Amino acid sequence: MRFEHETLGQRVRFATGEAADGVAREVEALGSKRVMVIAGPNRVGLIGRVTAGLPVAVLHDEVVMHVPVQVAERAREAASANDVDALVSVGGGSATGLAKAVALTTGLPIVAVPTTYAGSEATAVWGLTEGGRKITGVDRRVLPRSVVYDAGLTVSLPVEVSVASGLNAVAHCVDAMWAPHADPINMALAVEGVRTLNVSLPMVVESPEALPGRELSLCGAYLSAVAFASAGSGLHHKICHVLGGRYALPHAPTHAVVLPYVLALNGPRAPDAERRLARAFNSRSALEGLQTLRARLGAPRALRDYGFTESMIPDAAAAILPSVPDSNPVDVTVADLERLLRQAWAGVDPG
Ligand code: NAD
């Protein structure tokens with residue numbers, strides 16, 4: 001056994017109903033006097049519950065999925081014009097992503113308050129889109145200094161969005177098992193993430209306003225994101241990355257649809273991952289476990305429901321091919337990718 005593992009340093013505060021207190025403590029610890037709050041325009045109720053008592057210099061609400069560069073530029077200008085010294089993001093991966101874009105060029109510290117299961121708060125990965133291309137990178141400056149989890153902020157997340165986002169977290173775990181830097185540490189986190197989310201997501205669907213399912217899902221999302229942060233992007237993430245950036249497909253539903261097809265391709269050739277994932281899903285096989293969970297959740301089914309057309313398949317497959325990681329357990333050809341995308345487009349049984 002030989003590996004090099006890096007654990008990213010950040011504080012996590014987890015307390016339902018205590019977001020305002022947690023954020024205030026983190027902002028105080030940073031010595032910040034002028035905070036820029038970044039949150040989507042429809043998150044007004046949430047913001048009030050989080051920012052009470054903060055020295056807010058500016059509230060920036062232009063949040064767009066996949067962070068177009070012009071949107072990032074405007075946020076950077078707002079940070080500079082208001083002379084801010086810290087960023088507080090409240091929202092899903094899009095709000096966190098915009099804060100990261102500002103931190104990337106300014107070095108400003110981020111306190112992240114996540115309200116979905118995207119997990120961006122635990123990674124040093126940033127992403128921007130320009131001219132239909134998603135550019136990503138890894139930079140320690142964008143890793144939030146601290147994360148404040150309050151499950152009370154997530155009960156308003158619609159069930160459909162919760163399901164897609166939760167499966168995005170499951171995808172972080174599954175893909176971590178064969179990602180370029182998979183190791184015993186991140187695989188352990190990933191397996192525990194699957195075990196947690198497999199229990200918690202059906203609880204959210206059954207009782208969206210009940211806190212136990214929401215709390216457990218946030219825990220699972222964090223485990224998944226920490227696993228992903230050190231394991232890196234495997235085949236699944238490379239595929240979704242191209243689909244999101246090139247065709248503007250929605251992030252979480254795209255992950256939710258594509259995952260079973262990647263698992264069907266890789267699982268049989270990755271016996272250790274397959275065995276451990278099957279156990280985490282409490283199922284005979286990893287794919288059967290994932291599909292059982294997806295059925296219980298009423299998961300997104302086909303890429304064609306999200307704006308991906310059949311005619312895009314050859315272009316997408318060619319764009320994905322160069323980024324297939326060497327670590328992938330199966331050698332992948334452009335024909336394999338076309339087949340996978342065709343299945344995901346139609347939403348047919350991956351088995
Ligand atoms: P999102 O942040 O766009 O949120 C999805 C929708 O849910 C939005 O309409 C948002 O307003 C709404 N919403 C969020 N919280 C809510 C709440 N509590 N109640 C009601 N509505 C709520 O989507 P996402 O899936 O969380 O994030 C996707 C983005 O994050 C993508 O751009 C993706 O690339 C990025 N991402 C980055 C990383 C990383 O490590 N860098 C990891 C995962 C995702």
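Order of appearance sets the numbers: ligands from 1, and atoms from 1 within every ligand. If you're wondering where the values come from, they're calculated on a predicted model, not measured in any experiment. Residue indices begin at 1 and follow the sequence shown.
Annotation: His66 places an N or O atom under 3.5 Å from an N or O atom of ligand 1; distance criterion only. Looking at ligand 1, you won't find any N or O of Phe228 less than 3.5 Å from one of its N or O atoms. For ligand 1, the polar-atom distance check finds an N/O of Ser94 within less than 3.5 Å of one of the ligand's N/O atoms.
Distances below 4.0 Å separate heavy atoms of Val161 from the following atoms of ligand 1: 7 (O). In the vicinity of Ser120, heavy-atom distances shorter than 4.0 Å reach the ligand 1 atoms 37 (C), 38 (C), 39 (C), 40 (O), 41 (N), 42 (C). Interface of Gly92 with ligand 1, defined as ligand atoms under 4.0 Å from a residue heavy atom, comprises 2 (O), 26 (O). Close contacts of ligand 1 with Ser156, meaning ligand atoms under 4.0 Å from a residue heavy atom, involve 17 (C), 18 (N), 19 (N), 20 (C).
Comparing heavy-atom distances from atom 34 (O) of ligand 1 across Lys134, Met65, Glu121, Lys100 singles out Lys134 as nearest. Evaluated by nearest non-hydrogen atom to atom 28 (C) of ligand 1, the leading choice among His255, His237, His251 is His251.
Side-chain contact between Leu297 and Pro202 is present, with at least one heavy-atom pair separated by less than 4.5 Å.
Partner of Leu259 under the side chain to side chain contact (heavy atoms under 4.5 Å, CB included) criterion, out of Asn168, Leu287, Leu290, Leu167: Leu290 alone. Screening Met36, Lys33, His60 for a side chain to side chain contact (heavy atoms under 4.5 Å, CB included) involving Val84 leaves a single residue, Met36.
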List the atom pairs, donor and acceptor, that lie under 3.5 Å between side-chain atoms in residues 302-312 and the rest of the protein, sequence neighbours left out.
{"residue": "Thr309", "atom": "OG1", "partner": "Ser311", "partner atom": "OG", "Å": "3.1"}
{"residue": "Glu310", "atom": "OE2", "partner": "Arg342", "partner atom": "NH1", "Å": "3.0"}

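Here Leu153 has backbone heavy atoms under 4.0 Å from ligand 1, and that is the only part of it that gets that close. Only the side chain of Thr123 comes within 4.0 Å of ligand 1, judged by heavy-atom distances. Contacts with ligand 1 closer than 4.0 Å are made by side-chain heavy atoms of Thr116 only, the backbone lying farther away.
Rounding to the nearest 0.5 Å places CD of Glu4 at 8.0 Å from CD of Glu6.
For His237 and His172, the ring centers sit closer than 6.0 Å to each other.
Within the 4.0 Å heavy-atom shell around ligand 1 one finds Leu46. The shell of residues lying under 4.0 angstrom from ligand 1, judged by heavy atoms, excludes His241.
Qualifying side chain to side chain contact (heavy atoms under 4.5 Å, CB included) partners for Ala210, counting only residues two or more places apart in sequence or in other chains: Ser207, Pro212.
Ring-plane geometry between His255 and His251 is classed as tilted, the angle between the planes lying from 30 to 60 degrees on a 0 to 90 degree scale.
The pair Arg25-Glu28 does not count as a salt bridge, with every side-chain nitrogen at least 4.0 angstrom from each carboxylate oxygen.
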